Number of protein chains: 2
Amino acid sequence: MLELNKMYFEDCLIGLKKIKNESIDVIVTSPPYNIGLKYNGYKDNKPREDYLDWLETIAKECKRVLKKGGSFFLNVGGKPSDYWIPLDVAMRFRNHYELQNIFHWIKSISIEKKDVGNYRNIIGDITVGHYKPINSKRFLSDCHEYIFHFTKEGNVELDKLAIGVKYQDKSNIKRWKSTKSDLKDRGNTWFIPYETIQESRLHPSTFPIGLPKKCIKLHGLKEGMVVLDPFMGIGTTALSCIELNVNYIGFEIDQKYLQVANERIINYSQERKKYLSIKSIDDFNG
Amino acid sequence: MLELNKMYFEDCLIGLKKIKNESIDVIVTSPPYNIGLKYNGYKDNKPREDYLDWLETIAKECKRVLKKGGSFFLNVGGKPSDYWIPLDVAMRFRNHYELQNIFHWIKSISIEKKDVGNYRNIIGDITVGHYKPINSKRFLSDCHEYIFHFTKEGNVELDKLAIGVKYQDKSNIKRWKSTKSDLKDRGNTWFIPYETIQESRLHPSTFPIGLPKKCIKLHGLKEGMVVLDPFMGIGTTALSCIELNVNYIGFEIDQKYLQVANERIINYSQERKKYLSIKSIDDFNG
DNA sequence: TCGGCGCTTGAATCGACGT
DNA sequence: AACGTCGATTCAAGCGCCG
């Protein structure tokens, strides 16, 4: 059995074997796109199939360690020249899990006045978030990634208000909710801004900390719970766990990323201590 | 051969047969989810497979009438209890088309201050758009639908700036663009607010007029072009064509919807005439 | 030898980031 | 403000391999 709150320098398929059956509450991860497999075969899509096979193997092993009422949040993006990747991956997971939700991570979006189609022209746009432009007349910039929420039986009860948003119409608060809090269902479209370049350069596909945090909170914070990330990267999932005060286990096979991850965790913990000395812990997990 | 700018009271599979090979520039449609197929068979997923088979047949027939450089914009949503539907449909189209883009129609989204994960709490949220709340602890509200952009060869050049949005960083305008217009790539996440309740009552799955309009403009407005909608519903695609001054052909098998559609078109045309009498036509197609 | 295909390699892209 | 840099970019040219 592995120790909690550690990141292991290990291939996750090997590491997973050391984890007991049904001992993990939440899995949050973003798998790599390209494994460094070299093929000399000519025209076939073997690499893609192998990649999918490999991910499916991990999916199976994750299923074994996941509790019955656990949640697997799988973040996958595509690329303009191949938007099938995330869908193909999801199809493989379909063989083993129920797809309970799909969350859409929106990195950038433009809000415009409603076009009612009666010749009132659009007046103003507001664009929030950023994206890297794409050099192509065929594709629009990709500002979206998927977070597939897989569960074993499709009926995991979620803590929806833990990531709730404020009501627009305040009069609804008292009207509908038994709880008198100013929070409603966030919906499955999550706007989370990009990481800054400096930060994201450390790892090609790091997701923002707000992402695993939302997933874990949505699943529900429970005493002694354990979060697993088979592809830790620079440790964003671990950081969000520290912030949320829950246990984590992670694997990473790239020593550089692991080092960055550990540095981030140390910095984080120090900042946390400093902060805690002047502020009550209750402010965090609200 | 069919007349242009008409909606036909006809099953699209029959109607499509009357359209010549490679004569359609753009197809925009939102197919029905549930066809009224009745099965007395017990536990099988035959209806789903039949539904997919049926849609695939239409996909094939549409491919025949679509020009080589044409675009097929397929709007499909899911439902919380089954998010696979749109992906299954897309998979069937994959057998016949290239998936050039995926656009994400966002009906509602909450914008919040960046969560940098360093104990600065989220300050304020803005929620734009509305959604129908869902009474379930398992699912978050679904605020998203897909628009799959299928083409024959995956290399259709798009008029990206036709649906462009304003720059955030104005200093880039003069720097890169030969044209000095304040427009940039919109990205593939399209915020389009919901239809009003009144409107959506007329037809269960009507999409807002801004949606087909964006699709058509993105493909590019061309002299004498023809837009096809095999499932016209209450004629939203036709309306957007009238507004954009392009030809359309549509099919609809529900007489009630067809009637609503024709009424909408008449009202629209009248409003258009009224409007045109006081305003130049150039204002519309900008 | 020519041509078609596939992989590799370098060029071009443009909106955002950073100074 | 102006400008240099960058991209799980894309694009096109170039080269090698084969029929």
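Each chain gets a letter, A, B and so on, in the order its sequence line appears, and its residues count up from 1. Keep in mind that the numbers below use all heavy atoms, side chains included, and drop hydrogens, waters and symmetry copies. Owing to the predicted nature of the structure, the values given are computational and were not obtained by experimental measurement.
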Check this one for me: any side-chain N or O of [X] less than 4.0 Å away from OP1 or OP2 of [N]?
{"X": "Lys132(A)", "N": "dC17(C)", "answer": "no"}
{"X": "His130(A)", "N": "dC17(C)", "answer": "yes"}
{"X": "Ser136(A)", "N": "dC11(D)", "answer": "yes"}
{"X": "Lys79(A)", "N": "dT10(D)", "answer": "no"}

Spacing of [X] atom [atom1] relative to [N] atom [atom2], expressed in whole Å:
{"X": "Leu183(B)", "N": "dG15(C)", "atom1": "CG", "atom2": "C1'", "value": "14 Å"}
{"X": "Lys166(B)", "N": "dG15(C)", "atom1": "NZ", "atom2": "C1'", "value": "18 Å"}
{"X": "Lys160(B)", "N": "dT10(D)", "atom1": "NZ", "atom2": "P", "value": "11 Å"}
{"X": "Asn172(B)", "N": "dA1(D)", "atom1": "CG", "atom2": "C1'", "value": "12 Å"}
{"X": "Lys170(B)", "N": "dC14(C)", "atom1": "NZ", "atom2": "P", "value": "18 Å"}
{"X": "Asp82(A)", "N": "dT10(D)", "atom1": "CG", "atom2": "C1'", "value": "14 Å"}
{"X": "Asn135(A)", "N": "dT10(D)", "atom1": "CG", "atom2": "C1'", "value": "5 Å"}
{"X": "Phe139(A)", "N": "dT9(D)", "atom1": "CZ", "atom2": "P", "value": "13 Å"}

Between Trp105(A) and Phe73(A) (judged by ring centroids, cut-off 6.0 Å), do the two rings come close enough to count as a pair?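 No: the rings miss the under 6.0 Å criterion.
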Would Tyr97(A) and Phe148(A) count as a close aromatic pair, with their ring centres under 6.0 Å?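 No - the distance between ring centres of Tyr97(A) and Phe148(A) does not fall below the 6.0 Å cut-off.
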Let me see the working for Glu145(A) and Lys107(A) under salt bridge (Lys or Arg N to Asp or Glu O under 4.0 Å), right down to the final yes or no. CA-CA 8 Å; Glu145(A) 290 190 24; Lys107(A) 301 171 184 176; 2.7 Å; yes
Identify whether any heavy atom of Ser141(A) sits under 4.0 Å from a base atom; if not, whether one sits that close to sugar-phosphate; answer base, sugar-phosphate or nothing. nothing
Name the orientation class of the two ring planes belonging to Phe93(A) and Phe72(A) (parallel below 30°, tilted from 30 to 60°, perpendicular beyond 60°). perpendicular
Would you list the pairs meeting side-chain hydrogen bond (donor to acceptor under 3.5 Å, both in side chains) in which at least one residue belongs to residues 249-259 of chain A, sequence neighbours left out? Gln259(A)-Glu263(A)
Assign each of Pro80(A) and Pro133(A) to its nearest nucleotide of DNA chain D by heavy atoms, then name whichever residue's nucleotide is nearer the 5' end.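 The residue closer to the strand's 5' end, by nearest nucleotide, is Pro133(A).
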Assuming nearest nucleotide by heavy-atom distance, tell me which of Glu145(A) and Lys137(A) is located more 5' along DNA chain D.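 Result of the comparison: Glu145(A).
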Symbol by symbol from the 5' end, with Watson-Crick or G-U pairs under 3.5 Å, [ ] crossing and | another strand, DNA chain C is .|||||||||||.||||||
Candidate list Asn21(B), Asp25(B), Ile27(B), Thr151(B), test side chain to side chain contact (heavy atoms under 4.5 Å, CB included), partner Leu66(B), passing option: Ile27(B)
P gap between dA12(D) and dC14(C), integer Å: 13 Å
C1' atoms of dG4(D) and dA8(D), separation to the nearest Å: 24 Å
List for me each residue that meets ring-ring contact (aromatic ring centres under 6.0 Å, His included) alongside His144(B), sequence neighbours excluded, and say none if there are none.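 His104(A), His104(B), Tyr146(B).
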Of all the nucleotides listed (dG15(C), dA8(D), dA12(C)), which has the minimum atom distance to the side chain of Ser30(A)?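 Nucleotide nearest to Ser30(A)'s side chain: dA8(D).
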Given 3.5 Å as the limit, does a donor-acceptor pair link the side chain of Arg92(A) with the main chain of Glu56(A), or not?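 It does not hold such a pair.
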